[in-house]
Amino acid sequence: TGLAELYDNCDRQVFQAGGDCVMSKDNCLGIWPFLPTQEDCQNLCQKTGSCGFYRYVAEPDSPEMCYLLSSCSARQMEDLPCPVVPHNYLAVKLFTPDNAACRGHCQDIRECRFYSWHPISYSPAPLYCYLFSHCHREEVNKVTIRAESSS
């Protein structure tokens with residue numbers, strides 16, 4: 001038996017992606033619909049060189065889906081005053097009582113990575129919770145500079 005054949009028959013250890021695993025265009029290697037079992041998805045990941053994690057989704061009234069991922073990290077959320085622009089804005093929640101509730105709204109939306117809560121004391125939009133998919137540091141600096149110069 002050759003070394004290549006031995007390697008082909010050896011199953012690499014891969015892991016099932018947990019619920020807190022963030023899937024993005026950066027870590028998604030591919031999506032395969034209609035794979036009949038989770039084991040088929042795992043085997044496909046083992047045979048794909050840079051695959052380390054997989055997610056198998058089988059729901060009623062939907063085709064089975066297998067997602068192959070190169071990496072898997074927990075979703076991180078941050079409280080930042082991001083500007084509201086079309087490419088990052090997800091939602092605004094009115095009458096949000098505190099920062100913890102705003103973070104909870106962010107946790108409820110899978111794409112949410114940043115949130116900003118505005119209390120009554122200093123905001124023209126009190127108790128608003130803004131939710132964002134991303135927020136570039138340059139954008140945050142512009143918002144901070146604008147806020148400081150307008151006061």
Side-chain angles (χ1 to χ4, degrees), residues 1-119 125 127-145 147:
T1 340
L3 206 50
E5 184 181 329
L6 182 62
Y7 179 77
D8 287 342
N9 292 328
C10 179
D11 289 334
R12 287 186 315 109
Q13 185 174 13
V14 296
F15 303 95
Q16 185 173 4
D20 63 345
C21 177
V22 176
M23 292 194 307
S24 70
K25 64 181 179 181
D26 297 325
N27 70 345
C28 186
L29 299 172
I31 302 170
W32 279 262
F34 307 111
L35 282 181
T37 68
Q38 181 170 326
E39 292 75 28
D40 290 331
C41 185
Q42 180 180 6
N43 290 336
L44 184 59
C45 184
Q46 287 172 331
K47 291 177 179 17
T48 303
S50 52
C51 185
F53 297 86
Y54 66 93
R55 176 172 287 154
Y56 183 74
V57 179
E59 297 177 355
D61 302 323
S62 297
E64 299 84 359
M65 301 295 284
C66 175
Y67 300 87
L68 302 185
L69 309 170
S70 59
S71 63
C72 198
S73 61
R75 183 170 121 192
Q76 297 179 352
M77 293 178 296
E78 199 173 337
D79 181 5
L80 277 179
C82 302
V84 178
V85 294
H87 67 275
N88 74 341
Y89 173 76
L90 293 172
V92 62
K93 302 292 185 175
L94 308 178
F95 308 110
T96 303
D98 55 34
N99 198 44
C102 187
R103 181 179 175 85
H105 287 309
C106 189
Q107 285 175 324
D108 292 342
I109 299 176
R110 187 167 185 80
E111 299 82 21
C112 186
R113 299 290 178 275
F114 298 94
Y115 61 95
S116 182
W117 179 68
H118 299 269
L127 302 181
Y128 280 24
C129 173
Y130 291 94
L131 307 175
F132 305 97
S133 59
H134 62 277
C135 187
H136 297 291
R137 298 289 176 201
E138 309 82 56
E139 292 173 342
V140 173
N141 290 339
K142 286 178 190 172
V143 169
T144 305
I145 291 167

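Closest non-hydrogen pair, Leu127 versus Pro97, comes out as CD2-O, 4.2 Å. When all heavy atoms are compared, the tightest approach of Tyr89 to Tyr130 is CE1-CD2, 4.1 Å. Closest approach of Leu90 to Phe132, counting heavy atoms only: CD1-C, 3.6 Å. Of all non-hydrogen atoms in Met65 and Pro33, the two that sit nearest each other are SD-CB, 3.6 Å. Summarising the geometry of Cys106 relative to Arg113, their closest heavy-atom pair is SG-N, 4.0 Å, with the distance given to 0.1 Å. Among all heavy-atom pairs drawn from Glu64 and Ala58, the shortest one is CG-CB, 4.0 Å.
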Check: Going through the distances and angles, do Ser24 and Asn27 end up as a side-chain contact (heavy atoms from CB on, under 4.5 Å)?
Finding: CA-CA 6 Å; Ser24 70; Asn27 70 345; 3.4 Å; yes
Notebook entry, point to check: Can you list the steps and then say if Tyr115 with His105 is a side-chain contact (heavy atoms from CB on, under 4.5 Å)?
Noted result: CA-CA 9 Å; Tyr115 61 95; His105 287 309; over 6 Å; no
Next item on the list: Kindly indicate, with the supporting measurements, whether the criterion side-chain contact (heavy atoms from CB on, under 4.5 Å) is fulfilled by Trp117 and Thr96.
Entry: CA-CA 8 Å; Trp117 179 68; Thr96 303; 4.0 Å; yes
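Note that the CZ atom of Phe53 and the CD atom of Gln16 stand 11.5 Å from one another [nearest 0.5 Å]. Taking CG of Leu29 as the start and OG of Ser50 as the end, the distance is 4.5 Å to the nearest 0.5 Å. Separation of atoms CG (Leu69) and SG (Cys45) is listed at 7.5 Å; rounding is to 0.5 Å. Separating the NE2 atom in His118 from the OH atom in Tyr128 is a distance of 10.5 Å, to the nearest 0.5 Å. We find the CD-CG distance between Gln38 and Asn43 to be 11.0 Å, quoted to the nearest 0.5 Å. How far CG of Leu131 is from CD1 of Ile109: 5.0 Å, rounded to the nearest 0.5 Å.
Remark: side-chain polar atoms of Arg55 are paired, donor with acceptor, to backbone N or O of Gly18 under 3.5 angstrom.
Partners of Asp79 according to the side chain to side chain donor-acceptor pair (under 3.5 Å) rule, which considers only residues two or more places apart in sequence or in another chain, are Asn99.
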